[in-house]
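The next block holds one structure in the form of structure tokens; read it before the comments.
One-based numbering, in listed order, for ligands and for the atoms of each. The model shown is predicted, which means the values in this text are computed figures rather than measured ones.
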Amino acid sequence: MIQSTKDGFAQQQGTSPGTDAHIATTGEKDVLVVQGLTVDLPQRDSMTRLVDDVSFRMHRTEKVALVGESGSGKSVTARALMRLNPKLKLQGRVVIDGIDVLALPERKLSSVRGRRVGMAFQDAFTSLDPIMPVGEQLMEALIVQGVRRAQARERAVNLLTELGVTNAEGRMKAYVHEFSGGMRQRVVLAMALICEPKLLIADEPTTALDVRIAQQVLDVLEDAAARRELAVLLITHDMGVVASFAERVLVMYSGRIVEDANAESLFERPLHPYTEGLLGAVPRVDHSVARLVAVPGLPVPPSERPDGCAFHPRCAFATEVCRATVPPLRTFGLRRVACHHAEERGASNAV
Ligand code: SF4
């Protein structure tokens with residue numbers, strides 16, 4: 001049966017999407033469409049594939065978490081959407097708010113960055129210039145677009161105030177290192193939002209913060225997104241953050257998406273053994289377990305990705321087919337799972 005999935009790709013139930021099935025049309029409500037994205041790192045005599053055939057889409061207002069351990073390819077994927085690393089070779093299609101980003105000439109990328117998509121990094125010093133007052137930086141982003149200085153100043157102060165920066169007017173002259181961790185992340189969010197993008201990519205925005213401050217930053221982000229009808233792609237390795245923020249979850253392992261599901265279904269019943277492993281390592285108030293279990297073994301670097309399912313050296317369910325053949329990302333109901341044994345794990349009854 002051919003059906004249109006939640007992510008919008010026409011696929012046959014329980015089968016692999018063929019090449020043509022990856023060609024999605026951009027629906028009116030889509031703010032982001034990613035089709036067959038691959039990211040290669042050229043090396044002296046070879047290429048290392050960092051991201052392999054990633055496809056997904058996001059609706060306006062949707063809050064999606066891209067999760068996985070360090071080295072899974074989630075940050076590389078996020079940065080590839082904005083073509084932030086010119087050394088990497090990108091293939092596939094990335095459409096943000098109707099603009100085909102990978103087809104754009106370099107000089108036109110500024111029409112996308114900031115204005116259609118904003119990016120908030122974990123490290124404030126990546127987003128902000130440490131030797132320029134934060135207010136000047138916020139204003140500059142608007143002034144280069146033709147906004148008058150007085151108006152730019154007013155918008156910057158209003159945005160900082162909205163995001164909970166205390167004494168925003170006075171703090172316009174402060175430098176990034178003069179803010180506390182939580183306030184610094186609010187300034188980073190302000191920088192990402194100042195041009196009123198349609199899509200915000202937040203890369204580990206709370207990792208360096210303690211739990212209470214992290215939750216405050218997530219709440220501020222959620223409120224700001226709701227007011228703007230903004231889509232948010234949250235990159236994180238923290239399933240607790242996912243649970244409190246995301247509507248939909250994309251799980252990445254070794255550069256590939258291995259599971260795509262709405263957050264409730266995913267937490268209720270993970271279908272991919274890797275997702276199950278990630279959740280098994282997180283304390284939960286709704287499930288009592290004797291002890292938490294970490295995913296066994298370590299992730300392999302992309303240059304040492306094994307044949308077949310990249311997760312097979314760590315998977316308790318691996319069989320011969322897992323070691324020989326890459327499992328395609330198959331659709332079951334509104335979910336996608338890349339596991340040869342998905343049916344045995346209950347995928348046929350997935351919603
Ligand atoms: Fe485990 Fe095989 Fe599924 Fe990979 S394909 S997750 S090795 S059962």
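Ring geometry for His272 versus Tyr274: interplanar angle over 60°, hence perpendicular rather than tilted (30 to 60°).
Residue contact check: Phe317 has heavy atoms under 4.0 Å from atoms 8 (S) of ligand 1. When each atom of ligand 1 is checked for a heavy atom of Cys322 under 4.0 Å away, the hits are 2 (Fe), 5 (S), 7 (S), 8 (S). Against a heavy-atom cut-off of under 4.0 Å, Cys315 is close to the following atoms of ligand 1: 1 (Fe), 6 (S), 7 (S), 8 (S). Within the listing of ligand 1, atoms 6 (S) sit less than 4.0 angstrom from a heavy atom of His272.
Looking at Thr319 and His340, their side chains never bring a donor and an acceptor atom within 3.5 Å of each other. Between the side chains of Glu229 and Thr61, not a single donor N or O lies within less than 3.5 Å of an accepting N or O. Under 3.5 Å, the side chains of Tyr253 and Arg314 contain a donor-acceptor pair of N or O atoms.
Of the protein's non-hydrogen atoms, the one nearest atom 4 (Fe) of ligand 1 is Cys309 SG, 2.4 Å. When only non-hydrogen protein atoms are considered, atom 5 (S) of ligand 1 lies nearest to His340 N, 3.3 Å.
Salt-bridge check for Arg57 with Asp260: failed, with every basic side-chain N at 4.0 Å or more from each acidic carboxylate O.
Under 4.0 Å from ligand 1, heavy atoms of Cys339 appear from its side chain as well as its backbone.
For the pair Arg269 (side chain) and Ala347 (backbone), a donor-acceptor distance under 3.5 Å is absent.
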